[in-house]
4 protein chains.
Amino acid sequence: MPKIVDEQMREATRQHILHEAAKEFARLGFDQANINLIAEKAGIGKGTIYLYFENKRELFLAMLRFIAQSQLAAIRGALAQHGNLQMRLEQLFLAFVRLAEKESDSFNVYMSALYGVNRAFRTEATKLLRDYVAVIALVLEEAQVRGEIRVRNIDTTALMVLSLTESFILSARVLGQSEQTLVTQASQTAQFIMQGFVASV
Amino acid sequence: MPKIVDEQMREATRQHILHEAAKEFARLGFDQANINLIAEKAGIGKGTIYLYFENKRELFLAMLRFIAQSQLAAIRGALAQHGNLQMRLEQLFLAFVRLAEKESDSFNVYMSALYGVNRAFRTEATKLLRDYVAVIALVLEEAQVRGEIRVRNIDTTALMVLSLTESFILSARVLGQSEQTLVTQASQTAQFIMQGFVASV
Amino acid sequence: MPKIVDEQMREATRQHILHEAAKEFARLGFDQANINLIAEKAGIGKGTIYLYFENKRELFLAMLRFIAQSQLAAIRGALAQHGNLQMRLEQLFLAFVRLAEKESDSFNVYMSALYGVNRAFRTEATKLLRDYVAVIALVLEEAQVRGEIRVRNIDTTALMVLSLTESFILSARVLGQSEQTLVTQASQTAQFIMQGFVASV
Amino acid sequence: MPKIVDEQMREATRQHILHEAAKEFARLGFDQANINLIAEKAGIGKGTIYLYFENKRELFLAMLRFIAQSQLAAIRGALAQHGNLQMRLEQLFLAFVRLAEKESDSFNVYMSALYGVNRAFRTEATKLLRDYVAVIALVLEEAQVRGEIRVRNIDTTALMVLSLTESFILSARVLGQSEQTLVTQASQTAQFIMQGFVASV
DNA sequence: TATGAATGAGGTTTCATTCAT
DNA sequence: AATGAATGAAACCTCATTCAT
């Protein structure tokens with residue numbers, strides 16, 4: 001059954017293109033990134049890329065989904081660990097610090113898409129935002145079930161938590177704070193949040 | 001003294017170009033925005049724009065400084081009002097809600113610059129971020145002097161406050177929350193922050 | 001072996017572009033010549049020209065080398081014929097008359113490059129000048145070996161010969177002398193030169 | 001009579017513009033030279049230049065006449081001195097060496113115009129060429145009257161002399177020969193020419 | 001007369017996309 | 001399926017020239 005082998009090959013090539021595309025888009029942004037160069041770096045012909053993606057826009061969107069998946073997996077992994085809510089919030093914070101450090105390119109691409117002007121890109125980036133909020137909301141719900149906290153609006157609170165982790169970390173990074181410094185703030189921030197929950201009652 | 005009149009005219013034209021540029025850059029982003037179209041919308045000749053700005057890049061930077069100034073003035077105005085810290089935090093929140101609503105274009109331009117790939121743009125956008133933090137830090141310091149709160153690291157805390165207002169609001173807007181809804185969360189968020197300060201002691 | 005066919009096609013297209021470029025550059029000069037028009041006249045797309053030449057400057061240089069090659073070949077051919085020095089000098093003279101007539105465009109391009117302000121163009125044009133001198137010097141050397149003449153400095157003398165043929169003819173053409181008239185001066189000029197050699201002894 | 005003073009002022013300004021124009025045209029060529037820059041260097045307003053010259057083309061032509069006058073004066077001066085023909089030819093040669101050295105810019109402008117593509121420029125440059133030939137022809141005629149030489153066609157011979165001085169020197173300069181070296185060839189070249197006259201009988 | 005702000009035509013070059021092989 | 005040669009739209013920027021002051 002060569003069909004399956006072909007299918008695997010095709011998927012492998014697709015992934016390879018996405019990887020190279022992510023690098024280029026992160027390095028230069030959507031407009032300045034060069035499709036031909038992406039093809040070249042992926043070791044395929046200029047035209048071949050169009051056998052996998054309809055056009056530059058679709059390639060960018062696919063790449064956006066690609067890095068979203070990867071980031072969400074990292075966040076899910078961090079929150080999957082056991083422990084009380086404060087410990088989990090610390091893990092979430094640390095996970096974002098790691099991502100902001102190691103996948104800063106992906107973050108830039110994602111943020112550009114989220115606040116950029118292209119409607120299609122924004123829609124796609126918003127999905128990741130929604131997923132983040134959903135994952136955090138789930139954790140908060142569990143904590144509520146276990147009686148650790150009591151919050152009025154889970155989704156709004158989840159968004160606050162996200163702002164105090166992801167956005168806070170990104171801003172801090174932009175302002176020049178080192179990964180080191182940020183790591184030491186994990187516990188403090190988690191406390192800040194936990195304490196804040198009192199207000200939500 | 002015709003010099004002054006000319007000087008005024010010149011400044012007026014400059015401002016006019018910046019306004020139109022802001023609209024176009026917000027609508028299309030730096031790369032897709034068209035200098036010719038900006039000139040046309042500003043009601044001047046193609047070449048005239050280059051009598052006011054060296055090139056497209058410089059025009060963008062000037063516009064960035066322009067909207068930064070305007071936004072910072074709005075925030076400063078909101079915080080200038082008297083009242084205790086919680087009331088001021090509410091005002092800050094409401095100010096950002098208003099800005100996110102009325103100057104959403106400016107926010108998009110600013111965020112794109114902050115997380116985009118162009119180093120010069122990022123540097124300029126970072127300045128505004130720093131200014132925001134500085135303004136909030138000032139308010140926190142005053143509150144501390146008055147004994148309302150006691151925080152360890154003023155700047156880090158200010159950044160947390162900013163994340164829980166600006167970033168939170170922007171994310172909420174992206175997720176579709178109405179201005180109306182956000183306004184009702186001003187008090188809640190301010191409480192959340194005030195409560196969180198307990199953790200910082 | 002489709003490679004060879006493609007290679008041939010490519011070379012043919014290159015030559016074709018060079019021909020059209022030569023015509024346009026000769027007609028309008030480097031600055032006024034229009035790449036779009038050259039492409040159009042060559043029957044190819046605007047962008048295609050950049051698949052063969054890096055930019056306008058490189059196209060011009062390539063064309064300069066192209067016409068230099070062609071002119072030098074004509075001169076070499078003229079001097080290759082047997083006969084004593086005077087006969088060869090006559091042949092040289094006649095060859096230049098023919099070139100000045102049939103390839104006047106090339107001459108204009110070449111002279112413009114030689115005395116123009118663009119350093120790169122001048123360097124390239126100087127090469128042709130050097131080649132001319134070298135070819136003539138070779139003939140003089142042979143004549144000296146055969147005892148026909150005795151000259152002190154071969155290169156300087158060769159440059160004199162060149163001045164009395166190429167430059168003389170170009171000036172005469174500019175002053176309106178017909179090809180006809182010039183042809184009748186071949187013998188006279190050759191005699192002038194031969195006689196002049198007596199001075200060099 | 002302020003009229004005369006004004007007239008003098010006007011002529012002075014004209015000359016000044018021409019001087020600056022000559023420098024810029026020599027430095028950059030007709031197309032690359034910038035009218036605004038010429039005006040600035042001449043210390044006058046952009047628009048003022050158009051009160052003295054109809055347009056860029058006319059300015060260039062005026063400048064061409066300007067440097068032609070100056071060069072011709074130098075050549076006339078060199079040939080005015082007494083002595084036999086050979087001595088005068090030596091003087092002519094030396095005069096061109098000096099010009100090629102000190103007024104190399106003017107020479108480039110002149111040669112570019114002479115062999116360039118602009119018909120109007122070529123016509124103007126040709127006038128100088130004609131003048132050169134006429135001046136030399138006059139000297140030859142005098143020498144013939146005095147019985148020093150006997151030539152068939154004075155004008156053709158004059159052109160030969162010009163080729164063996166001006167063109168020879170320009171070529172030699174392009175090929176890198178120093179002024180020093182060229183000066184030592186004055187006598188040799190004059191001899192070459194004198195000897196060549198024998199052929200013309 | 002002198003000025004210089006304003007104009008807009010014009011041209012090189014890039015690059016996403018197509019399509020014949 | 002894969003390729004890459006060919007295409008041409010699109011845009012920034014310059015600069016000669018005009019004209020109101």
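Letters go in sequence order (proteins before strands), and every chain restarts at 1. As the structure is a prediction and not an experimental result, all values here were calculated from the model.
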Subject >> Over 12 non-hydrogen atoms of neighbours within 6.0 angstrom of CD in C:Gln15 >> reply: yes
Subject >> Residues from residues 13-34 of chain B lying under 4.0 Å of DNA chain E - heavy atoms >> reply: none
Original post:
Just how far, in rounded Å, is P of E:dA20 from CE of C:Met9?
Top reply: 15 Å
Original post:
When you measure from the side chain of B:Arg27 to the backbone N and O of A:Val117, does any donor-acceptor pair fall under 3.5 Å?
Top reply: no
**OP:** Compare all side-chain heavy atoms of C:Arg10 with those of C:Thr13 and state whether any distance is below 4.5 angstrom.
**Re:** no
Original post:
Which whole-number value in Å describes the distance from A:Glu40 CD to F:dT3 P?
Top reply: 13 Å
Subject >> Rounded distance in Å - CD1 (A:Ile38) to P (E:dT17) >> reply: 11 Å
Original post:
With a 4.5 Å heavy-atom cut-off, do C:Ile67 and C:Glu103 have their side chains touching?
Top reply: no
**OP:** Please work out which residues in residues 42-57 of chain D have a non-hydrogen atom less than 4.0 Å from an atom of DNA chain E and list them by number.
**Re:** D:Ile44, D:Gly45, D:Lys46, D:Gly47, D:Thr48, D:Leu51, D:Tyr52
Original post:
Taking all non-hydrogen atoms of both residues, which atom of B:Arg122 and which atom of B:Gly116 are closest, and how far apart?
Top reply: NH2-O, 3.0 Å
Original post:
Quick one: are A:Arg65 and A:Leu61 in side-chain contact, heavy atoms under 4.5 Å?
Top reply: yes
Original post:
To the nearest Å, how far apart are B:Asn36 CG and E:dG11 P?
Top reply: 16 Å
Subject >> Beyond-backbone contact of D:Tyr110 with D:Leu129, side-chain heavy atoms, under 4.5 angstrom >> reply: yes
Subject >> Length of the line joining B:Ile35:CD1 and E:dA6:P, which is rounded to integer Å >> reply: 16 Å
Original post:
At their closest point, which heavy atom of C:Arg57 faces which heavy atom of C:Ala120, and how far apart are they?
Top reply: NH1-CB, 3.5 Å
Original post:
Any side-chain heavy atom of D:Glu124 sitting closer than 4.5 Å to one from D:Phe60?
Top reply: no
Original post:
Mind pulling the stems DNA chain F is in, i.e. runs of at least three Watson-Crick or G-U pairs, everything under 3.5 Å?
Top reply: E:2-21 with F:2-21
Original post:
Taking the side chain as C-beta and beyond, is there a heavy-atom pair between C:Asp105 and C:Phe25 under 4.5 Å?
Top reply: no
Original post:
Just how far, in rounded Å, is P of F:dC15 from CG of D:Leu59?
Top reply: 16 Å
**OP:** May I ask you to test the B:Phe30-A:Asp31 pair for a side-chain heavy-atom distance under 4.5 Å?
**Re:** no
